[in-house]
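First the structure, in the form of structure tokens, and then the observations on it.
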Amino acid sequence: MLKEFREQRIQEIKRLRELGINPYPYSYDKTHSSKQIKDEFAHLEPGKVDENSFVSVAGRIMSLREHGKSAFFHIKDFEGRIQAYIRKDIVGDENYKFFKDFIAIGDIVGIKGNVFKSKTGEITVLVKEIKLLNKPLRPMPEKWHGIKDKEVLYRQRYVDMIANDESLNRFKTRFEIIRMIREFLNSKGFIEVETPILEYVTGGASARPFETHLNVFDIDMYLRIATELYLKRFIVGGFEKVYELGKNFRNEGLSYKHHPEFTSIEIYQAYADYEDMMNLTEELITYIVEKIYGTTKIVYQGQEIDFKRPWRRVKMRDFILENLGVDILEDSDEKMLEVLRSHEVNVEIKDRGHLIEKLWDLVEDKVIQPTFLLEHPVEISPLAKKHREDPRVTERFELIIFGREMANAFSELNDPIDQYERFLKQVELREAGDEEAQMMDKDFIRALEYGMPPTGGLGIGIDRLVMLLTDSPTIRDVIAFPLVRPITFEEEELESERGVDEK
RNA sequence: GGGCCGUUAGCUCAACAGGUAGAGCACCUGACUCUUAAUCAGGGGGCUGUGGGUUCGAGUCCCACACGGCCCA
């Protein structure tokens with residue numbers, strides 16, 4: 001069937017060429033987008049053609065209703081859909097025959113004409129001229145159910161975006177959010193910088209890195225797991241407000257909230273502390289939410305989330321104590337282990353840091369509304385400055401929304417001796433088999449020895465933020481081309497053609 | 001890694017208790033000058049994910065594998 005369709009189309013293209021029509025022309029002069037037409041002519045009276053109007057618009061034909069000597073169709077462009085109406089008495093016999101013989105659903109066309117409002121009140125282009133801009137070889141997906149097969153959605157996102165408007169819109173929103181973040185930070189004097197993706201040692205997070213090899217020096221390298229340590233080198237060097245928005249890589253599992261290649265932003269501001277970063281976080285995220293929704297309230301997976309400031313602040317110690325009755329600062333490792341076991345948590349690595357992380361995992365889901373979780377213990381925060389009033393904890397916060405970590409920030413540790421000792425502890429853990437423990441970065445220590453001003457740093461997970469703001473249940477819905485288990489192109493094609501194609 | 005569910009026409013989905021595989025859309029032919037899930041008449045399209053087994057007979061039951069989804073680690 002698919003093969004027949006393709007054959008038919010190839011024959012059609014041949015006939016077009018014989019008629020002197022290029023099925024793949026070079027450009028088209030558009031005057032309007034679909035949305036501009038709908039906005040500009042919204043005032044028209046139903047049934048009347050605006051003789052003074054002239055528009056030229058292009059897009060893909062998504063539906064087609066023929067009525068003998070006339071036809072209605074919708075074309076879809078980046079901004080939406082617009083209806084067009086073509087009549088034999090207006091375009092002439094020859095052009096109408098061309099339309100009937102050669103124009104079909106899925107084709108990309110350009111149309112020129114006047115604008116009118118149909119009897120049913122829809123803004124419509126009355127076609128004077130139609131030009132074929134591309135003749136696809138494959139059939140479009142079903143017109144009102146779209147594509148539901150997740151495998152096709154992920155492997156062939158272009159088909160998803162053609163068939164499902166909400167998919168196209170989701171990605172529009174994603175890149176809109178990214179643009180707004182840049183807009184916001186640039187307006188505050190932050191400078192977007194770039195740091196290496198290929199690194200000799202990688203750090204700034206607890207994660208297993210991807211390894212690769214640099215032939216020219218014959219050394220193994222890592223893909224970065226975070227941008228933190230290089231951004232701080234910028235601060236040492238004299239930059240005061242920097243950020244980097246880009247991809248990080250962690251060689252770990254896939255889940256609804258994890259993807260090995262993901263996007264984050266890290267922001268550093270000299271002479272600021274974690275309080276300042278909390279304010280920045282609130283301001284930045286409410287700026288985006290209000291710009292997209294026009295209000296501070298959104299609904300995520302049926303749950304209302306209110307970004308109205310100020311957001312709740314709760315200390316990690318207090319929250320775990322309230323919910324599990326265990327004090328992560330005072331109680332013994334044994335007590336914590338006991339609580340974990342009573343919740344049937346399997347603990348593989350039994351150092352204090354991991355026990356605290358596991359305890360937090362148990363209660364994380366209880367935090368729905370935007371909440372700053374404060375003052376994480378030193379053991380689990382090797383890059384954060386100790387709290388000015390309690391050296392057992394750090395000046396750190398995580399932003400938690402809907403049980404998910406959305407952001408992580410500290411008053412940055414700038415004491416080189418303290419940092420060195422923290423790295424040593426991480427190295428111990430690493431040697432004890434914790435593959436996610438951080439690596440010693442001696443050059444980073446050296447940089448700190450030259451002096452880094454007091455600095456506030458903040459990282460935000462862009463994919464998770466986009467999930468929240470587009471009401472997407474899984475991270476793969478907001479990554480345009482997510483990881484999928486590789487099968488060869490031929491296997492993929494066979495899967496859809498079911499062996500009908502002989503080559 | 002473990003458990004559960006799924007894979008049938010290009011797409012979205014049916015098919016009782018094991019008995020010749022079906023619908024809508026899409027595609028092709030024809031009718032129709034304000035339709036919008038247009039309508040009407042006709043037509044083509046399937047190795048039921050892959051491999052094995054049970055059976056006179058398997059989309060359906062059993063085993064293995066592949067891919068996907070959900071939950072757990």
Side-chain angles (χ1 to χ4, degrees), chain A residues 1-12 44-49 61-76 81-93 96 99-107 115-127 136-156 159-160 162-164 252-258 301 340 343-349 358 361-362 365 473-477 482-488 491-502:
Chain A
M1 173 59 208
L2 183 56
K3 193 194 170 189
E4 277 168 34
F5 187 95
R6 268 184 104 242
E7 277 307 317
Q8 279 168 13
R9 282 299 168 85
I10 287 167
Q11 289 308 315
E12 223 173 293
L44 292 182
E45 293 287 316
K48 286 209 173 160
V49 178
I61 297 181
M62 300 304 288
S63 63
L64 176 60
R65 296 173 290 283
E66 283 191 75
H67 296 267
K69 297 183 180 67
S70 75
F72 284 93
F73 55 95
H74 277 92
I75 65 175
K76 175 182 175 179
R81 294 178 188 223
I82 183 91
Q83 182 168 256
Y85 183 44
I86 185 166
R87 287 169 54 149
K88 193 175 187 172
D89 59 355
I90 291 175
V91 297
D93 291 3
Y96 196 76
F99 174 81
K100 276 193 83 162
D101 288 351
F102 290 105
I103 302 295
I105 287 175
D107 291 1
V115 181
F116 74 104
K117 196 176 257 181
S118 72
K119 278 181 186 167
T120 51
E122 182 166 350
I123 301 293
T124 304
V125 177
L126 183 61
V127 177
L137 295 183
R138 293 177 186 249
M140 294 302 121
E142 212 259 4
K143 70 181 168 192
W144 66 84
H145 293 102
I147 299 264
K148 288 188 177 168
D149 185 340
K150 293 267 191 193
E151 192 160 353
V152 176
L153 302 190
Y154 295 149
R155 288 186 197 274
Q156 295 168 244
V159 179
D160 179 26
I162 290 169
N164 303 321
E252 293 166 1
L254 269 164
S255 80
Y256 71 95
K257 59 181 179 181
H258 295 97
Q301 302 296 292
L340 285 169
H343 285 83
E344 285 162 18
V345 176
N346 184 21
V347 187
E348 282 159 26
I349 304 172
K358 292 273 185 191
D361 287 346
L362 283 176
D365 283 351
T474 87
I475 198 168
R476 289 213 271 186
D477 291 333
L483 289 169
V484 281
R485 195 171 296 279
I487 56 176
T488 66
E491 282 171 324
E492 244 168 44
E493 287 289 282
L494 222 94
E495 204 159 275
S496 55
E497 292 181 29
R498 311 281 322 279
V500 179
D501 207 334
E502 65 231 359

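- The partner of rG24(B) is rC11(B), by the rule that a Watson-Crick or G-U pair needs both atom distances under 3.5 Å.
- Taking the side chain of T474(A) as heavy atoms from C-beta on, and the options rC34(B), rC67(B), rC70(B), the nearest nucleotide is rC70(B).
- Taking 3.5 Å as the limit, the base of rG24(B) and the side chain of E142(A) contain a donor-acceptor pair of atoms between them.
- Remark: C1' of rC27(B) and CD of Q11(A) are 16 Å apart, rounded to the nearest angstrom.
- In this structure, K150(A) and F73(A) both approach RNA chain B, and ranking their closest nucleotides by distance from the 5' end singles out F73(A).
- Protein atom CD of E66(A) is 12 Å distant from nucleotide atom P of rU33(B), rounded to whole Å.
- For K119(A), whose side chain is taken as the heavy atoms from C-beta onward, the closest listed nucleotide among rU12(B), rG45(B), rC34(B) is rC34(B).
- Listed nucleotides rC27(B), rG10(B), rU12(B) differ in distance to F5(A); the shortest reach to its side chain belongs to rC27(B).
- In this structure, the nucleotide among rC67(B), rC70(B), rA38(B) sitting nearest to the side chain of K143(A) is rA38(B).
- When rounded to the nearest whole Å, the span between NE2 of H67(A) and P of rC40(B) equals 13 Å.
- One cannot find a donor-acceptor pair under 3.5 Å joining the base of rU35(B) and the side-chain atoms of E122(A).
- For R476(A), whose side chain is taken as the heavy atoms from C-beta onward, the closest listed nucleotide among rG68(B), rU33(B), rA38(B) is rG68(B).
- In this structure, CD of E12(A) is placed 11 Å from P of rC27(B), rounded to the nearest angstrom.
- Nucleic acid contact for D89(A): base, since at least one base atom lies under 4.0 Å from a heavy atom of the residue.
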